[in-house]
Amino acid sequence: MRTDRPLRVVLAEDSVLLREGLSGLLARCGHQVVAAVGDAPALIAAVEEHPSDIVVTDVRMPPAFQDEGLHAALRLREKRPALPVLVLSQYVHRAYAAELLDSGDGTGVGYLLKDRVGQVEQFVDALWEVAAGGTVVDPEVVRQLLRRRRDPLERLTPREREVLSLIAEGRSNGSIARELVVSEAAVGKHIGSILTKLDLPQTDETHRRVLAVLAYLRA
């Protein structure tokens with residue numbers, strides 16, 4: 001475990017327990033947590049206020065617990081393309097990982113699943129690698145990113161494709177239900193399944209429906 005040079009870390013994590021645990025872990029490894037915050041605006045303010053070598057942030061943060069942490073990191077890298085950022089996520093989100101890896105100047109980025117934090121040496125090594133300008137991606141994320149590219153609609157059932165085509169026509173849930181002679185609840189379940197299978201970012205449902213339509217039109 002490398003501790004030859006202390007890193008100045010800005011940490012963003014909404015869970016108080018995990019934030020305190022990470023702060024303690026980093027301190028024990030010889031690093032300095034110059035700011036530990038719990039939401040995206042505080043993260044941006046902390047980076048502007050404190051000189052730092054690396055940002056470690058969760059993807060989902062208040063107020064909506066969607067992708068606020070990730071977008072704060074992307075905004076920071078727009079201003080400082082070489083700012084090292086290590087993102088922690090509870091689950092694999094290929095779209096999030098791809099967006100992060102394309103950010104800034106393409107160096108000094110990492111995307112790890114939170115389970116990896118429990119493997120202390122791997123986590124600290126990843127911290128060093130990203131701070132030094134390297135790229136670190138969780139093995140599970142790599143497996144999904146390198147999976148053979150397929151038509152994103154292949155995972156949809158015939159009925160789900162039918163529902164998506166009607167969404168693309170601008171139909172409401174009620175209109176779709178009448179067209180397919182099913183209940184609105186059944187339509188809602190189909191739409192939920194479509195949005196999940198297309199691996200769309202966790203934004204509001206209206207925006208996700210638009211993204212689903214774009215995926216349908218591109219296929």
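As the structure is a prediction and not an experimental result, all values here were calculated from the model.
In this structure, NE2 on His71 lies 13.5 Å from CE on Met61, to the nearest 0.5 angstrom. One distance of note links CG of Leu43 with CD of Glu48; it measures 9.5 Å at 0.5 Å rounding. Within the model, atoms OG of Ser183 and NZ of Lys189 stand 7.5 Å from one another, a figure rounded to the nearest 0.5 Å. In this structure, the separation between CG on Leu7 and SG on Cys29 is 10.5 Å, given to the nearest 0.5 Å. In this structure, CG in Leu86 is found 11.0 Å from CD in Glu129, a value given to the nearest 0.5 Å. For the atom pair CG of Leu156 and OG of Ser165, the computed distance is 11.0 Å after rounding to the nearest 0.5 Å.
Remark: the backbone N or O of Leu83 is paired with a side-chain donor or acceptor of Arg77 at under 3.5 angstrom. Between the side chain of Asp138 and the backbone N or O of Leu113 there is at least one donor-acceptor pair closer than 3.5 Å. A distance-only check finds a donor-acceptor pair linking the side chain of Asp39 to the backbone of Ala42 [under 3.5 Å]. Side-chain atoms of Thr196 come within 3.5 Å of backbone N or O of Gly192 as a donor-acceptor pair.
Glu13 and Thr57 share no donor-acceptor pair across their side chains, judged by distance under 3.5 Å alone.
Pairing each heavy atom of Ala126 with each of Val136, the nearest pair is CB-CG1, 3.8 Å. Taking all atoms of both residues into account, the shortest heavy-atom contact from Pro62 to Gly38 is CD-O, 3.3 Å. Of all the heavy atoms in Val37 and Ala46, the pair that sits closest is CG1-CB, 4.3 Å. Ser89 and Val59 make their closest contact through CB-CG2, 3.8 Å (heavy atoms, listed as atom of the first residue, atom of the second, distance). Residues Pro51 and Val34 share a closest heavy-atom pair of O-CG2, 4.1 Å. Here the closest non-hydrogen pair linking Glu68 and Gln66 is OE1-N, 2.8 Å.
No side-chain heavy atom of Val85 sits under 4.5 Å from any side-chain heavy atom of Ile54. Contact annotation: the side chain of Tyr111 never approaches that of Leu88 to less than 4.5 Å [non-hydrogen atoms, C-beta and beyond]. Side-chain contact between Val87 and Leu112 is absent, with no heavy-atom pair separated by less than 4.5 Å. At a threshold of 4.5 Å between non-hydrogen side-chain atoms, the residues Arg5 and Asp53 count as touching. Side-chain atoms of Leu70 and Leu100, non-hydrogen and from C-beta on, do get closer than 4.5 Å to each other. Between Arg161 and Thr157, the closest side-chain pair of non-hydrogen atoms is not below 4.5 Å. At least one side-chain heavy atom of Val55 sits under 4.5 Å from a side-chain heavy atom of Val47. For the pair His31 and Trp128, the minimum side-chain heavy-atom distance is below 4.5 Å.
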Between Ile176 and Val182, does a side-chain contact (heavy atoms from CB on, under 4.5 Å) hold up when you go through it step by step? CA-CA 8 Å; Ile176 294 172; Val182 296; 5.9 Å; no
Might you work through the side-chain contact (heavy atoms from CB on, under 4.5 Å) test for Glu20 and Val16, ending with a clear yes or no? CA-CA 6 Å; Glu20 291 300 316; Val16 175; 4.2 Å; yes
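Ionic pairing of Arg171 and Glu179 is present here: one or more N-O contacts between side-chain nitrogen and carboxylate oxygen are shorter than 4.0 angstrom. A salt bridge is absent between Arg19 and Asp14; no separation between the charged side-chain nitrogens and carboxylate oxygens falls under 4.0 Å. The existence of a salt bridge linking Glu162 and Arg159 is confirmed by a sub-4.0 Å separation between a basic side-chain nitrogen and an acidic carboxylate oxygen.
When each of Val9, Leu18, Leu11 is paired with Ser23, the side-chain contact (heavy atoms from CB on, under 4.5 Å) condition holds for Leu11 and for no other.
In the hydrophobic clustering of ILVMFWY residues, with side-chain heavy atoms under 4.5 Å counting as a link, Leu127 and Val130 come out together.
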